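A short write-up of the structure that comes next.
Bear in mind the structure is a predicted one, so any value in this text is a computation, not a measurement. Residue numbers start at 1 and run along the sequence shown.
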Amino acid sequence: MTAFKSDFLNVLQERGFIHQASDFEALDALAAKGEATAYVGYDCTAPSLHIGNFLTMMMLHWLQQSGNKPITLMGGGTTMVGDPSGRDETRAIRTVAEIESNKASIRGVFAKVLHYGSGASDAIMLDNAEWLTKLNWIEMLRDIGKHFSVNRMLTMDSVRLRLEREQEMSFIEFNYMVCQAYDFVELARRTGCRMQMGGSDQWGNIIMGVDLGRRMGTPQLFALTTPLLTTASGAKMGKTAQGAVWLNADQFSPYDFWQYWRNTEDADVVRFLKLFTTLPIGEIDKLAKLQGAEINEAKKALADAATTLLHGADAAREASETARQTFEEGAIAENLPTAVVPRARLEEGLGVLEAYILAHLVMSKGEARRQIKGGGLRVNDSTVIDENMILTLEDLTPEGVIKLSFGKKRHMLLRPA
């Protein structure tokens, strides 16, 4: 393990954030002096960010803790173009109104892990729509476009992999890397930003920005990426039967968020404690020594710490207590996630397969049938044995809900309205 001069790179290395950097030695020297102002860009494609974004938010957190300045860049401009990375088809073009709505919904989450203000290491938030939407097309081609080699652009993963799969790429998508590279140069000029961070799939785009800065006369710029998130079993992290693990509470409840971490695979617990919590390494090392059934205590510590960081200590305690009541007492905890169903549906009779899809506990009727055959679904804690079972108002508990369970750890309440 390399010993760095800067607290920033030492912390990131110790906690497992580092995948690659453009110039470790020069970046280390800059960070050691507290001059490594860095940014991460967040496009506004949805009303909430997700766990992959949480990882780069934590990189910005540790940057700030080491005395350097973080920048969160809202992609009001780049969202209009659409990042082609990892996709086989063009992203849906969103209206300005949709982008503004998503932007407003996303903004608040950053203050959970960063401190904003006017101090030397206080975070600032900018929006690339401020400069991208004002670019004149001819001037952009002449002053910026002349620095890009189409030959090199075709070698970037976001382009090359799409073409190798013989999938069409639109001209607007092809220009995404130009916009992202120019963001880096603009931030360097406006704020003295010297580094862009992101997932390893962004390496090519970030390096294009480093190179554009050199060609357009900025001080040396730096790239730093983190590994893409996968679980120990090789699955892409951040996906559930309910969909993505969103960071906004109205998109993914604090209980669901707590439960997501509580269900972490044994082999991932220590890695995720380092990446997604601010627990000291010494405390994580102690949790790493737990074996057998005791590892569940480490999982609870992960769930508590990650949920506290994002949603606050009260929400974490409430989620933990809800889980305890549900699993240890077998009670129907009122804080379990709830899906609302029109009362008329239960008056008519709601098929159990459809109910599980409605509750986002399964993705399809086929999946529900397979779970029923294996004894994996329960209604009000009774195992479902008939796929043609019909739920009615008579199935409501005294609390006025129907409890749907998938396995031992996933539960939803159906509440008529």
Side-chain angles (χ1 to χ4, degrees), residues 8-9 12 18-24 26-31 35-44 53 56-57 59-60 63-64 68-85 110 114 123-135 139-150 152-153 155-159 172-226:
F8 172 60
L9 287 181
L12 255 59
I18 297 176
H19 179 67
Q20 59 190 144
S22 55
D23 186 336
F24 274 116
L27 175 57
D28 189 28
L30 198 69
E35 297 176 2
T37 298
Y39 89 96
V40 178
Y42 299 93
D43 278 351
C44 314
N53 304 125
T56 56
M57 287 166 57
M59 294 176 80
L60 290 172
L63 178 85
Q64 186 170 51
N68 293 280
K69 190 178 189 71
I71 300 172
T72 46
L73 180 66
M74 304 302 289
T78 43
T79 307
M80 296 181 186
V81 177
D83 185 359
S85 300
F110 296 106
L114 297 171
I124 59 174
M125 182 179 291
L126 297 172
D127 183 349
N128 59 22
E130 185 177 341
W131 51 85
L132 291 180
T133 58
K134 295 175 183 176
L135 284 174
E139 289 178 353
M140 191 279 285
L141 288 177
R142 184 192 64 196
D143 300 336
I144 303 169
K146 68 181 181 182
H147 297 298
F148 286 85
S149 161
V150 171
R152 187 181 181 196
M153 292 171 75
T155 69
M156 296 293 117
D157 283 350
S158 59
V159 176
I172 189 173
E173 291 178 288
F174 190 62
N175 280 275
Y176 186 90
M177 69 180 78
V178 177
C179 295
Q180 184 173 335
Y182 183 66
D183 281 346
F184 203 171
V185 172
E186 191 69 23
L187 287 172
R189 290 172 171 174
R190 288 176 178 237
T191 68
C193 179
R194 300 288 298 277
M195 174 169 55
Q196 182 182 172
M197 301 189 294
S200 59
D201 62 333
Q202 291 294 313
W203 176 255
N205 286 356
I206 298 174
I207 285 296
M208 292 286 261
V210 171
D211 185 60
L212 183 63
R214 179 181 60 81
R215 295 172 183 271
M216 297 186 72
T218 70
Q220 182 182 359
L221 303 181
F222 300 93
L224 179 65
T225 60
T226 190

For F8, give me all partners under ring pair (Phe, Tyr, Trp, His ring centres under 6.0 Å), at least two apart in sequence or on another chain.
none
If the condition is side-chain hydrogen bond (donor to acceptor under 3.5 Å, both in side chains), which residues does [X] pass it with, not counting sequence neighbours?
X: T56; answer: Y42
X: W131; answer: D183
X: T78; answer: D43, N128
X: E35; answer: none

Can you list everything that forms a side chain to side chain contact (heavy atoms under 4.5 Å, CB included) with [X]? Sequence neighbours excluded, please.
X: T191; value: I71, I124, L126, L187, C193
X: A123; value: Q64, P70, L114, Y116
X: V81; value: I172, Y176, C179
X: L141; value: W137

Knowing that exactly one of W203, Y182, F148 qualifies, which makes a side-chain contact (heavy atoms from CB on, under 4.5 Å) with M208?
F148
With T72, which of V40, D127, L60 fulfils side-chain contact (heavy atoms from CB on, under 4.5 Å)?
L60
Considering all heavy atoms of both residues, which atom of G75 and which atom of C44 are nearest to each other, and what is their separation?
N-SG, 4.0 Å
Apply side-chain contact (heavy atoms from CB on, under 4.5 Å) to residues L12 and L224 and explain how you reach the verdict.
CA-CA 11 Å; L12 255 59; L224 179 65; 3.8 Å; yes
Provide the full list of salt bridge (charged side-chain N to carboxylate O under 4.0 Å, His left out) pairs with a residue in residues 68-80, sequence neighbours left out, each pair given once.
none
Check the pair I206 / Q180 against side-chain contact (heavy atoms from CB on, under 4.5 Å), numbers first and verdict last.
CA-CA 8 Å; I206 298 174; Q180 184 173 335; 3.9 Å; yes
Run the side-chain contact (heavy atoms from CB on, under 4.5 Å) check on L132 and E186 step by step: do they pass?
CA-CA 10 Å; L132 291 180; E186 191 69 23; over 6 Å; no
So do [Y] and [X] actually touch side chain to side chain, heavy atoms under 4.5 Å?
X: L63; Y: M195; answer: yes
X: I207; Y: M156; answer: no
X: V185; Y: I144; answer: no

Is the backbone N or O of S200 less than 3.5 Å from a side-chain atom of T225, with the two atoms forming a donor-acceptor pair by type?
no
Just checking, is any N or O donor in the side chain of Q196 or Q202 under 3.5 Å from an acceptor N or O on the other one?
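There is no such pair between these side chains.
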Side chains of residues 209-222: which donor-acceptor partners sit under 3.5 Å, not counting sequence neighbours?
residue: D211; atom: OD1; partner: R214; partner atom: NE; Å: 3.4
residue: D211; atom: OD1; partner: R214; partner atom: NH2; Å: 2.6
residue: D211; atom: OD2; partner: R152; partner atom: NH1; Å: 3.4
residue: D211; atom: OD2; partner: R215; partner atom: NE; Å: 2.8
residue: T218; atom: OG1; partner: G213; partner atom: O; Å: 3.2
residue: Q220; atom: NE2; partner: D23; partner atom: OD2; Å: 3.2

Worked verdict on T226 versus M59 for side-chain contact (heavy atoms from CB on, under 4.5 Å)
CA-CA 9 Å; T226 190; M59 294 176 80; 3.7 Å; yes
